[in-house]
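Taking it in order: structure first as structure tokens, then the write-up.
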Amino acid sequence: MRKPWHKSDPSVFDHLKGELSKKYPDLAVIATTDDVRLRGSFPVLHEETELARFQIEILIPSDFPDSIPLVREIAGRVPHAVDWHTYNKGALCVIVPEEWLLNPKRTSLMAFLEGPLRNYFLNHALAECGMKRPMGERSHGSLGLLEAYGEWFGSNELRVVRAYLNCLSKEMLRGHWDCPCGSGVRLRKCHFSKLMELQKQIPVWIAAKALKRLDDQIERERAGSFSK
């Protein structure tokens, strides 16, 4: 059985604690047998100037960086509502997970804090004042996932996105498959070269995660459950 990330290489964990104590001294590090939590005050910085501050708790899962951290705002400042990009009783929709998993910096928790998390809270602080979110925002629910995944494939159409993800979740591409673009032509005579290039960029396990997340989200929406 695979050890939790902070136990498989204690030196990595010690280095992280050192970085956090310097950059985010108000975040306490709480390690358990299975996971690590950060809890405390998180500053939103721009060129070393503090623009806002939020009280948060971050769960770093045992299989990090194969799964992204789960963030909650714990002082009641962020409403538990889809329009404020929260889900599952207050978990923050910081970024579509597979987008971060494809980022070359995904192994760095500091990069997550200073990238997606900082941008989320900067957007939120400005939205609180009635201003437009400068980083933009995706649609809610399955539409947001289709927007994110659709950027990989050049289409936001559910059938096309699912077909591409299904192909990329296989270990090998087969030329006799129908092309996921929906042309009705065999893959070998259509977008085979494009799939080969995508296969280099999107690992099988990430494509499989994305497909499952999309299908699960659609099922929740059909059942009337709120999520993103």
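Positions are given from 1 along the sequence.
- Of the possible polar contacts, one joining the S8 side chain to the W5 backbone as a donor-acceptor pair under 3.5 Å is found.
- For the pair P116 and A111, the tightest heavy-atom approach, listed with the atom from each and the gap, is CD-O, 3.7 Å.
- Taking both residues in full, the closest heavy atoms of Y24 and P43 are given as CD2-CD, 3.7 Å, listed atom of the first, atom of the second, then distance.
- Residues F192 and R186 fail the side-chain proximity criterion, which asks for heavy atoms closer than 4.5 Å.
- Between the side chain of R37 and the backbone N or O of I60, no donor-acceptor pair lies under 3.5 Å.
- E128 pairs by the side-chain hydrogen bond (donor to acceptor under 3.5 Å, both in side chains) definition with R77, H124, not counting sequence neighbours.
- Both W205 and I202 are part of a single hydrophobic cluster, where members link through side-chain heavy atoms under 4.5 Å apart.
- S142 OG to R213 CZ: the interatomic distance, rounded to the nearest 0.5 Å, is 13.5 Å.
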Exercise for review: Quick one: do L102 and I206 satisfy side chain to side chain contact (heavy atoms under 4.5 Å, CB included)? Show the steps, please.
Suggested key: CA-CA 8 Å; L102 290 178; I206 290 181; 3.5 Å; yes

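- Judged by distance alone, the side chains of D35 and T32 do bring a donor and an acceptor atom under 3.5 Å apart.
- Residues Q201 and E197 have side chains that never bring a donor and an acceptor to within less than 3.5 angstrom of each other.
- Checked against E19 for a side-chain contact (heavy atoms from CB on, under 4.5 Å), the options K22, H15, K23 give a single hit: H15.
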Review point. Taking it one step at a time, do R2 and D66 satisfy salt bridge (charged side-chain N to carboxylate O under 4.0 Å, His left out)?
Key: CA-CA 12 Å; R2 179 179 172 182; D66 291 347; 3.1 Å; yes

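- What you find for C190 and S183 is that their closest heavy atoms are SG-OG, 3.4 Å.
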Point to revise | Test side chain to side chain contact (heavy atoms under 4.5 Å, CB included) applied to R138 and L146, step by step | key: CA-CA 10 Å; R138 296 203 183 279; L146 289 172; over 6 Å; no

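- Residues Y149 and L211 are not in side-chain contact: their nearest non-hydrogen atoms beyond the backbone lie 4.5 Å or more apart.
- In this view, D26 and S41, R53 satisfy the side-chain contact (heavy atoms from CB on, under 4.5 Å) rule, not counting sequence neighbours.
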**Study point:** Audit row: T107, F64, side chain to side chain contact (heavy atoms under 4.5 Å, CB included) steps and yes/no
**Key:** CA-CA 8 Å; T107 60; F64 177 81; 5.9 Å; no

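- Between P180 and L187, some side-chain heavy-atom pair lies under the 4.5 Å cut-off.
- Between V36 and K17 there is no side-chain heavy-atom pair separated by less than 4.5 Å.
- A heavy-atom distance below 4.5 Å is not found between the side chains of L38 and L59.
- The side-chain contact (heavy atoms from CB on, under 4.5 Å) test applied to Q199 returns L168, L173, M196, not counting sequence neighbours.
- In summary, the aromatic rings of W100 and F112 are positioned with their centroids under 6.0 Å apart.
- Note that CD1 of I58 is 9.5 Å distant from CG of L70, once rounded to the nearest 0.5 Å.
- Remark: the backbone N or O of G115 is paired with a side-chain donor or acceptor of N119 at under 3.5 angstrom.
- Between the CZ atom in R162 and the OG atom in S169 there is a gap of 9.0 Å [rounded to 0.5 Å].
- Taking the charged nitrogens against the carboxylate oxygens, K3 and D9 have no contact shorter than 4.0 Å, which rules out a salt bridge.
- K209 and S67 share a side-chain donor-acceptor pair at under 3.5 Å.
- Following chains of ILVMFWY side-chain contacts shorter than 4.5 Å, one can reach F13 starting from M110, so the two form part of one hydrophobic cluster.
- Cluster membership for I56 and L45, using ILVMFWY side-chain heavy atoms within less than 4.5 angstrom, is not shared.
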Practice item. In sequence, state the C-alpha distance, the side-chain angles, and the governing distance for V204 and E171, and then conclude on side chain to side chain contact (heavy atoms under 4.5 Å, CB included). Key: CA-CA 7 Å; V204 168; E171 291 292 342; 4.0 Å; yes

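- Residues L113 and L51 are members of one and the same hydrophobic cluster, defined by side-chain heavy-atom contacts under 4.5 angstrom among Ile, Leu, Val, Met, Phe, Trp and Tyr.
- Remark: side-chain polar atoms of R106 are paired, donor with acceptor, to backbone N or O of P65 under 3.5 angstrom.
- Between the CG atom in L195 and the NZ atom in K170 there is a gap of 12.5 Å [rounded to 0.5 Å].
- Side-chain contact between V29 and L16: absent, with no pair of heavy atoms (C-beta onward) separated by less than 4.5 Å.
- The minimum heavy-atom distance linking F153 with V161 is given by the pair CE1-O, 4.0 Å.
- None of V44, V71, L109, I95 except one satisfies the side-chain contact (heavy atoms from CB on, under 4.5 Å) rule with L117; the exception is V71.
- A donor-acceptor pair under 3.5 Å links the side-chain atoms of E73 to the main chain of G76, judged by distance alone.
- A centroid separation of 6.0 Å or more is found between the aromatic rings of F42 and F54.
- Proximity of a side-chain donor or acceptor of H85 to a complementary backbone N or O of C93 within less than 3.5 Å is not detected.
- Heavy atoms from other residues, nucleotides or ligands lying under 6.0 Å from CZ of R72 number more than 12.
- Among all heavy-atom pairs drawn from G150 and N156, the shortest one is CA-OD1, 3.6 Å.
- Counting heavy atoms from C-beta on, the side chains of E98 and W152 come closer than 4.5 Å.
- The closest side-chain heavy-atom distance from Y164 to H191 is below 4.5 Å.
- Annotation: the span from R118 atom CZ to L122 atom CG amounts to 5.0 Å, rounded to 0.5 Å.
- S139 and E147 form a side-chain donor-acceptor contact under 3.5 Å, judged by distance and modelled atom types alone.
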